[in-house]
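The structure appears right after this line, and notes come after that.
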4 protein chains.
Amino acid sequence: MSYTVASAVEDPDLIQKRRKQIVDAATELFAKDGFFRTTIKDIAKLAGVSPGLVYQYVTDKDDVLLLVLLEVVEAYARELPVAIAKASSPLDRLVAAISAYCHIVDERRAATVLAYRSTKSLPKHKREIIQRGETQTNQIIADVIQECIEGGHIRDVNPELFAYQIVMNAHAWALKAWHLKTICTLEQYIDQSVSILLRGVLTKRGEAELTGR
Amino acid sequence: MSYTVASAVEDPDLIQKRRKQIVDAATELFAKDGFFRTTIKDIAKLAGVSPGLVYQYVTDKDDVLLLVLLEVVEAYARELPVAIAKASSPLDRLVAAISAYCHIVDERRAATVLAYRSTKSLPKHKREIIQRGETQTNQIIADVIQECIEGGHIRDVNPELFAYQIVMNAHAWALKAWHLKTICTLEQYIDQSVSILLRGVLTKRGEAELTGR
Amino acid sequence: MSYTVASAVEDPDLIQKRRKQIVDAATELFAKDGFFRTTIKDIAKLAGVSPGLVYQYVTDKDDVLLLVLLEVVEAYARELPVAIAKASSPLDRLVAAISAYCHIVDERRAATVLAYRSTKSLPKHKREIIQRGETQTNQIIADVIQECIEGGHIRDVNPELFAYQIVMNAHAWALKAWHLKTICTLEQYIDQSVSILLRGVLTKRGEAELTGR
Amino acid sequence: MSYTVASAVEDPDLIQKRRKQIVDAATELFAKDGFFRTTIKDIAKLAGVSPGLVYQYVTDKDDVLLLVLLEVVEAYARELPVAIAKASSPLDRLVAAISAYCHIVDERRAATVLAYRSTKSLPKHKREIIQRGETQTNQIIADVIQECIEGGHIRDVNPELFAYQIVMNAHAWALKAWHLKTICTLEQYIDQSVSILLRGVLTKRGEAELTGR
DNA sequence: CATGAATGAGCGTTCATTCAT
DNA sequence: TATGAATGAACGCTCATTCAT
């Protein structure tokens, strides 16, 4: 997930501190009002700095968005492996992945929606940085799937594709929260997701394994 | 799907004709450049009318977006029932729904992505009009699911929730086309979708029914 | 002196009218405060239009400057031939050129100074448009000089170079008006200019010709 | 050429050293990019100091310009007398002045152009400091002219005015270098300048004197 | 003395919207 | 009805200047 956003300031600690202020404020405002309706002045004000200050840590308004989306993508890449690591068997890892992804999304609903709304507002090059990050996170899930296939726990589906279905299923919780929240809780959503997504691919052995508990 | 977008012009035929010009142009441009980067002038030019003319058929730039999204939502509501009607058994209807929805999405990839990006740019009231339309379309699928459950073809899942999973699965084809297109064709995508989503919920009877052919 | 400054407005009469308003206002302000200290808003206000209007007739602030300088350069190209045409002999034409150029400069002192201050503020390409116009005007004088040389009225100097000296001598009246005005009138300036510049190059015949009157 | 640019620093040696750094850098940048397009940061960086440091030796950005222009004007005042002193007769001194001024200009073409572009950017008071310096340098030439007149070498022209013509003739070499350089060398330029400017004012005696060699 | 992060006023420019024709 | 010129508020961004360290 390599990227560099240029800054006029040298001190790395200061850069980190200021960028956090800016990104936090921007995330909140972008999520609430959208990228285009949010002004740099709004962000600066909420971050408690001057508008000019922002441009010492960022080249563009685009860059602010990039930083915000990067933060989201990195949070996924950071938290998902941790959740998976707790499970010991391949199948448990897969269940954990489905469930964990939904939880991570739930914690960052606004930011996840933002990613869908705004990634395309980024110039091609910056957009690709985000997409690369996304693909890498998906790969983590695809690897678990691959492992399950090789272990004979689930049948031979396209791992990448299945990973995408799991991811999209989780994202749906954020994208359609306005409605889903009216018909079920997060835990119910996860249960039905696991039950449908997983049962659709389990082998006999996998099935036995899962119900044996 | 009731809504009214005010117009200064009286003649309903003219309103329809002009709005079609405007909406067609806007759909193309919004999809390509996004709502905020598209100007009323751009739309007018592509529609072959003057910028002032637009405001005789629309109150706002927002209104243009509303009209565009309404058109998308209505297309779903129009085409989905047709596709389902061709199938004779409940289970076939469900398979048809999953497949048809993917096809409809594929034909309107840009517009579907647009809906995700831009619905939130609408003021609350207008946004709800769109969401209402979406919910109605989902209901069509939920009804098919309900029918399958009652017929004992699939087990007792939450119909609304399952409908959402089917819808999101289709939308994913548009939202992640940039990557999915690199790993499979639409038909492969549909196959794996049906296979996973459906197998996850089939009852013994449903299973027999499906493999019996 | 070909050039085109793009305009969003179609009607040529309107373009001409508005551009005149804008250029007149800009010329006054640029001359008084300089290009960089003058804002588009200042220009618009003095021209009696809105700031946005300016950008319907001009692409850039640079373009305003280009238009202003073009007007100056064209005024030279327009008025100089007229003044020269009145004289019947080559030598008279040369005297007329020296004198006329000074008068033209005097009438546009501010604009002439502006050209010296600001031409370099133009991007290379636009700058060259101006320089081309300047060179063309110089050529008019160089031609008269050539004619005088061929007629044996003045000795064999480099016509282009001598033309430049005549031009610079006139420009000096604008560039150093702050001081020259304290030591002589325009007519005195012209007299001494003619007397020095011309006497320095006259042949015997030319001398006789001139003093014979 | 009295002037004082205030400084927060006391040590005169340091002031001189720092100001030289600043002025050297500023001269280069102003000449290349113009006063307004050059930022204090640019200057500081090229001078190898911090932006804040600049403001310890200067009150204003204007002040930097003043210092730069002062340096130019002083260079003229310093070098011209030296060149003249070498000549022994009044007429030789006049020829030397014309020639030397052109050489001095040639060595500082960029700075000379800068003076024309930017002097007016100075507030009235600071501008007058520069103009005073300029006038003093001109006086040096005017004095030589006066001497020539009194000695009967040249006829009775307005010394100040003639001095201006000589100065402008030299400045032209810088101002119009973009074109003059394409038609002659500096030496050719000087030759034609001397030949035209001088021959225009020589008395019989002066003429004899000059051709006698 | 020197640094460089921080400020904030102000500029060029865009564009939704209006309205005379 | 339709046009398109005109408006002006608002935005992204720059940079001279200040000041705590």
Side-chain angles (χ1 to χ4, degrees), chain A residues 7-11 14-15 17-18 36-44 48-64, chain B residues 7-11 14-15 18 36-45 48-64, chain C residues 7-11 14-15 17-18 36-44 48-64, chain D residues 7-11 14-15 18 36-45 48-64:
Chain A
S7 169
V9 175
E10 310 259 285
D11 177 5
L14 190 53
I15 291 182
K17 176 185 153 197
R18 291 303 194 200
F36 287 101
R37 289 207 217 272
T38 301
T39 71
I40 291 286
K41 268 171 183 145
D42 291 340
I43 296 170
V49 300
S50 67
L53 192 274
V54 174
Y55 285 90
Q56 303 240 10
Y57 296 89
V58 129
T59 328
D60 255 350
K61 195 187 171 193
D62 277 355
D63 255 8
V64 180
Chain B
S7 167
V9 176
E10 313 252 287
D11 177 359
L14 190 55
I15 291 184
R18 292 301 195 200
F36 287 100
R37 289 206 218 273
T38 301
T39 70
I40 291 286
K41 253 182 178 140
D42 292 340
I43 296 170
K45 185 186 246 176
V49 299
S50 68
L53 195 272
V54 174
Y55 283 87
Q56 305 235 315
Y57 295 90
V58 129
T59 339
D60 255 348
K61 196 187 170 191
D62 278 354
D63 255 8
V64 180
Chain C
S7 168
V9 175
E10 309 258 286
D11 177 5
L14 190 55
I15 291 183
K17 177 186 152 196
R18 292 301 194 201
F36 287 100
R37 287 208 218 271
T38 301
T39 71
I40 291 287
K41 268 168 184 149
D42 292 340
I43 296 171
V49 299
S50 67
L53 192 274
V54 174
Y55 285 89
Q56 304 240 9
Y57 296 91
V58 129
T59 327
D60 257 348
K61 196 188 171 192
D62 278 354
D63 255 8
V64 179
Chain D
S7 167
V9 176
E10 313 253 287
D11 177 359
L14 191 53
I15 292 184
R18 291 301 196 201
F36 287 100
R37 289 205 217 273
T38 301
T39 69
I40 292 286
K41 255 184 177 137
D42 292 339
I43 296 170
K45 184 186 247 177
V49 299
S50 67
L53 195 270
V54 174
Y55 283 87
Q56 305 235 316
Y57 296 90
V58 128
T59 339
D60 254 350
K61 195 186 171 193
D62 279 354
D63 254 8
V64 180

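Values in this document were obtained by computation on a predicted structure and should not be read as measured data. Chain A is the first sequence line, chain B the second, and so forth, proteins listed ahead of strands; every chain is numbered from 1. In what follows, every heavy atom counts, from backbone to side chain, and hydrogens, waters and symmetry copies are set aside.
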Contacts of D60(D) meeting salt bridge (charged side-chain N to carboxylate O under 4.0 Å, His left out) (sequence neighbours excluded), chain-then-number -> K126(D)
Correct closest heavy-atom pair for A44(C) and V54(C) would be CB-CG2, 4.0 Å
The side-chain contact (heavy atoms from CB on, under 4.5 Å) partners of R37(A) (sequence neighbours excluded) come to D33(A), F36(B), D62(B), S121(B)
A correct 5'-to-3' footprint of nucleotides 7-12 of chain F, with B, S and - meaning base, sugar-phosphate only and no protein heavy atom under 4.0 Å, is BB-BSS
Between I40(C) and V64(C) the two heavy atoms that sit nearest each other are CD1-CG2, 4.4 Å
P spacing across the pair dT21(F) / dC1(E), given as an integer number of angstrom
22 Å
Sorted by chain and number, sequence neighbours left out, side-chain contact (heavy atoms from CB on, under 4.5 Å) with S50(B) holds for L53(B)
Quick one: do the D42(C) and T38(C) side chains pair a donor with an acceptor below 3.5 Å? no
Every stem of 3 or more Watson-Crick or G-U pairs under 3.5 Å that DNA chain F joins, in order of first number, is E:2-21 with F:2-21
Scanning both residues in full, the closest heavy-atom pair of R18(B) with V49(B) reads NH1-CG1, 4.1 Å
inquiry  = Run Y57(A) and D63(A) through side chain to side chain contact (heavy atoms under 4.5 Å, CB included) and show every step you take.
reply    = CA-CA 9 Å; Y57(A) 296 89; D63(A) 255 8; over 6 Å; no
- prompt: Base, sugar-phosphate, or nothing for A8(B), non-hydrogen atoms under 4.0 angstrom?
  reply: nothing
Nt span of DNA chain E in reach of chain D heavy atoms at under 4.0 Å, 5' end first, is dC1(E) to dG4(E)
By nearest-heavy-atom nucleotide on DNA chain E, the more 5' of T59(B) and L14(D) is L14(D)
5'-most contact on DNA chain F (nearest-nucleotide basis), K17(C) vs D11(B), goes to D11(B)
Applying side-chain contact (heavy atoms from CB on, under 4.5 Å) to K45(D) and not counting sequence neighbours gives none
Closest non-hydrogen contact found for Q56(D) with S7(D) is O-OG, 2.9 Å
